[in-house]
Each structure stands twice: as structure tokens, then as C-alpha cells.
Amino acid sequence: MSALILDGKKLSAEIVAGVAVEVSARVQQSLTVPALAVIQVGEDPASSVYVRNKRQACERAGIRSLMYALPAAVTQSELLALVGTLNHNTLVHGILVQLPLPAHIDAATVLERIHPNKDVDGFHPCNIGRLAVRMPDLRSCTPYGVMRLLALAHADMKGLHAVVVGASNHVGRPMGLELLLAGCTVTTCHRFTRDLAEQVAKADILVVAVGRPGLVRGEWIKPGATVIDVGINRLADGRLCGDVEFDVASARAAWITPVPGGVGPMTVAILMENTLRAARKADMALTEEELAE
């Protein structure tokens, strides 16, 4: 068996092109152009790459990109004040604070300060909570991007056993909720899981999001499984790799994502969709205000 590749680059390009069509239609209707504000604190090289990718995606989607580059020494109060200003700016539809933040800033406090209607990363507790009660709105970009990839391999996921390795607030936990919403039976593995190999071997769908190169051995993969590798790690020789031993896993799996070119582009594509969705929500809010007058 040789696994088929779930091509995140191709699907993400299709999604961004679809957003561009809708944004163009908004312009023709004299509606506001969706605007995404990205805040970067400091000059972390990896963060700079991610921010550049998001800015380029905005250009392709026709979304207005607003960049706020803050020094690493910025105080938490100053950062919160900027978020508050953007929350009240009706011409800004989405706010994204690029992680990680410097150690002196509490990321949870900052992310919670973003208004849920502008939380295009899908990290706010309100948006995670909506997903938990099966009323999703702005969904976490990486997990929902994974679901869009999975739809290429599985028209119906009901009853499949999905195993998520990693339980972070940004990927692992909302990933499990997305899979539950799709009707999967879900197991979440974390640092206290006693026999990771045994759990992985049960997975019809395996999603790994830890950030440890080669954590999941290829021989653990159930034959015919679908493998989603969210991890992206840079090795000493400069090469990028995921959390799954790709060569061996791809010989056993039916479908697998590459690293890079799998989940990463999907995260950015869903960010564009979320920004458009946030702009639509802002339109509805304005209409409701007008009707109330």
C-alpha cells in the first residue's frame, strides 16, 4: 500500500480563490472590504514567516491586511489597549495576535480580550464553547482546516475511530470537538497517556499535533488509516518534518498529509474564510441596528 496525499496546497488555493470571488461581489454591492488586523510582538523568525504567509493570502483573497509590529518589550497593558481599539474599529473585522508572545505577556488574557465576533483564529473561549455545544461559528483554523482535508478522504466519518495525539487549547482540544461533531468516536492522547502505540494502532483517523519530530512511529499506523500530521519541526540540517514517521506511515496508511504542504496552508485558508464570515456578521449587526432605530 502507498498512501494517497492529502494536498493542502491545492485545496487551500481553491478556498482562497472562492473567498476572493465573494469579496469581489461585496465590493460590487458597495459593502466594506473584509479587513484583518495582525499583531506581531517581537521579531521571532518563525512568526515573521507565518505573518508574511497570512499577508500574502490576504492579497490573493482581496482582504485588507493591517499589520501591527510591536517591540518585544511592549507591556501587556499596551497590547491589551491596542486589541481594545481594534475591537471598537468597525472597519476591522478580524483580529489575530501571532503566537508565541514574550514570556512577560499572558497569552490567554490577550486572546480572551479579542471580541468573539472578531476572533478569526477561533481561540476565544466563547467560540470554543460554541463548538462544544454543536453551535459552531468562528472555528479554530487548524482543526477546521483538518476537517476540510478529511472530507476529501471520507464522505462520511460517522462511526470512525479518531485518535488525536496532543491536547493543546489551539489544536488538540478543538480538533476532538470537530471530530465529535462529525460523528467520530474520539480518543485524545496526551502526556499522561500510558500506551501511545496501542492507542494509535486503533485509529481509522489519526491526527497528531504535538511538535516532536517522529513522535509517532510508522509501524504503529493501522493499515488503511488516514493520517493527518499537524506538526512542523525544523531539523538540525534545516529540513522540515512532522510528528509522524512519514516514510513508514505512508506505506501503511490510505491517506496522509505531507509536511510541509499539508495542514499549514489550510490553516491560512480557513483564516481567510473566517475573516469573510466575520465581515458578514458585522453586516448583520449593522442591519439589526438600523432596524431597531
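Below, all heavy atoms of this structure are taken into account, side chains as well, without hydrogens, waters or symmetry copies.
Taking the side chain as every heavy atom from C-beta outward, Val49 and Asn53 approach each other to under 4.5 Å. Annotation: side chain of Leu80 is in contact with side chain of Thr109 (closest heavy-atom distance under 4.5 Å). Between Val23 and Ile63 the shortest side-chain heavy-atom distance falls below 4.5 Å. Side-chain contact between Asp243 and Val165 is absent, with no heavy atoms from C-beta onward closer than 4.5 Å. Contact of the Met272 side chain with the Val120 side chain is not registered, since no non-hydrogen atoms from C-beta on lie closer than 4.5 Å. Counting only heavy atoms from C-beta outward, the side chains of Cys189 and Gln199 approach each other to under 4.5 Å. Between Ile5 and Thr257 there is no side-chain heavy-atom pair separated by less than 4.5 Å. With a 4.5 Å cut-off on side-chain heavy atoms, Val146 and Leu149 do not count as touching.
Between the side chains of Gln40 and Ser48, at least one donor N or O sits under 3.5 Å from an acceptor N or O. Side-chain contact of Thr226 with His154: a donor-acceptor pair under 3.5 Å is present, judged by distance alone.
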Scan the side chains in residues 210-223 for donor-acceptor partners under 3.5 Å anywhere in the protein, sequence neighbours excluded, and list what turns up.
unit_1 : atom_1 : unit_2 : atom_2 : d
Arg217 : NH2    : Glu219 : OE2    : 3.1
Lys222 : NZ     : Asp204 : OD1    : 2.7

With a cut-off of 3.5 Å and sequence neighbours excluded, list every side-chain donor-acceptor pair involving residues 9-16.
unit_1 : atom_1 : unit_2 : atom_2 : d
Ser12  : OG     : Gly8   : O      : 2.8
Ser12  : OG     : Lys9   : O      : 2.9

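A donor-acceptor distance shorter than 3.5 angstrom exists from the side chain of Asn274 to the backbone of Arg139, with no hydrogens or angles considered. Side-chain N or O atoms of Arg26 include one that pairs as donor or acceptor with a backbone N or O of Thr32 at under 3.5 Å. Looking at Asn87, its side chain does come within 3.5 Å of a backbone N or O of Arg113 through a donor-acceptor pair. A donor-acceptor pair under 3.5 Å is absent between the side-chain atoms of His161 and the main chain of Ala203, judged by distance alone. Between the side chain of Ser24 and the backbone N or O of Ala20, no donor-acceptor pair lies under 3.5 Å. A donor-acceptor contact shorter than 3.5 Å is absent between the side chain of Lys281 and the backbone of Leu276. Although no hydrogens or angles enter the test, the distance criterion places a donor-acceptor pair under 3.5 Å between the side chain of Asp237 and the main chain of Arg239. Listed for the His124 side chain is a donor-acceptor partner under 3.5 Å among the backbone atoms of Glu112. Distance alone, capped at 3.5 Å, places no donor-acceptor pair between the Ser47 side chain and the Glu43 backbone. For the pair Asn233 (side chain) and Gly242 (backbone), a donor-acceptor distance under 3.5 Å is present.
Applying the side chain to side chain donor-acceptor pair (under 3.5 Å) criterion to Gln56, with sequence neighbours excluded, gives no partner residue. With sequence neighbours excluded, the residues satisfying salt bridge (charged side-chain N to carboxylate O under 4.0 Å, His left out) with Arg277 are Asp137.
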Please assess Glu273 against Arg148 for the test salt bridge (Lys or Arg N to Asp or Glu O under 4.0 Å), listing each intermediate value before the final yes or no.
-> CA-CA 12 Å; Glu273 278 196 341; Arg148 299 285 281 274; 2.8 Å; yes

Which is it for Met266 and Thr142 under the side-chain contact (heavy atoms from CB on, under 4.5 Å) test, yes or no, and what are the steps along the way?
-> CA-CA 7 Å; Met266 292 300 299; Thr142 297; over 6 Å; no

Would you please test Leu271 and Leu96 for side-chain contact (heavy atoms from CB on, under 4.5 Å) and show each step?
-> CA-CA 9 Å; Leu271 175 65; Leu96 182 153; 3.6 Å; yes

Working for side-chain contact (heavy atoms from CB on, under 4.5 Å), residues Val51 and Met67 | CA-CA 9 Å; Val51 167; Met67 179 64 198; 3.6 Å; yes

Decide yes or no on side-chain contact (heavy atoms from CB on, under 4.5 Å) for Gln76 and His104, but give the supporting numbers first.
-> CA-CA 8 Å; Gln76 179 162 306; His104 67 280; 5.7 Å; no

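The CE atom of Met175 sits 8.5 Å away from the CD1 atom of Ile205 when rounded to the nearest 0.5 Å. With values rounded to the nearest 0.5 angstrom, Glu178 atom CD is found 15.5 Å from Arg173 atom CZ. In this structure, CG in Leu150 is found 6.5 Å from CG in Leu179, a value given to the nearest 0.5 Å. Interatomic distance, CG of Asn169 versus CD1 of Ile128, reported as 7.5 Å (0.5 Å rounding). Note: Leu196 CG to Arg191 CZ = 15.0 Å, rounded to the nearest 0.5 Å. From Ile270, atom CD1 reaches atom CG of Leu138 across 11.5 Å, with rounding to the nearest 0.5 Å.
The salt bridge (Lys or Arg N to Asp or Glu O under 4.0 Å) pairs that include a residue from residues 157-169 are Asp156-Lys158, where partners are two or more places apart or lie in different chains.
The two residues Val263 and Asp229 have their closest heavy-atom pair at CG2-O, 3.8 Å. Here the shortest heavy-atom pairing between Ser140 and His170 reads CB-O, 4.2 Å. The minimum heavy-atom distance between Asn127 and Pro116, with the atom names listed, is ND2-O, 3.1 Å. Contact between Ala3 and Ile256 at its shortest, heavy atoms only, is CB-CG2, 3.7 Å. Shown here for Cys58 and Leu36, the closest heavy-atom pair between the two residues is SG-CD2, 3.8 Å. Listed here is the closest heavy atom pair of Val33 and Arg64: CG1-N, 4.0 Å.
Placement of Val171 and Ile228 within a single hydrophobic cluster is found when ILVMFWY residues are connected by side-chain heavy-atom separations under 4.5 Å, directly or transitively. Residues Leu6 and Val227 fall into different hydrophobic clusters, defined by Ile, Leu, Val, Met, Phe, Trp and Tyr side chains chained together at heavy-atom separations under 4.5 Å. A continuous path of Ile, Leu, Val, Met, Phe, Trp and Tyr side chains, each step under 4.5 Å between heavy atoms, connects Tyr68 with Ile105, placing both in one hydrophobic cluster. Using a 4.5 Å cut-off between side-chain heavy atoms of Ile, Leu, Val, Met, Phe, Trp and Tyr, with links allowed through other members, Val97 and Val92 fall into the same hydrophobic cluster. By the rule that hydrophobic residues join a cluster once side-chain heavy atoms approach within less than 4.5 Å of another member, Ile95 and Leu82 end up as members of one cluster.
Grouped with Val259 in one hydrophobic cluster are Tyr50, Ile232, Leu240, the linkage being side-chain heavy-atom contacts under 4.5 Å among Ile, Leu, Val, Met, Phe, Trp and Tyr residues.
Annotation: His88, atom NE2; neighbour count of heavy atoms from other residues, nucleotides and ligands within 6.0 Å does not exceed 12.
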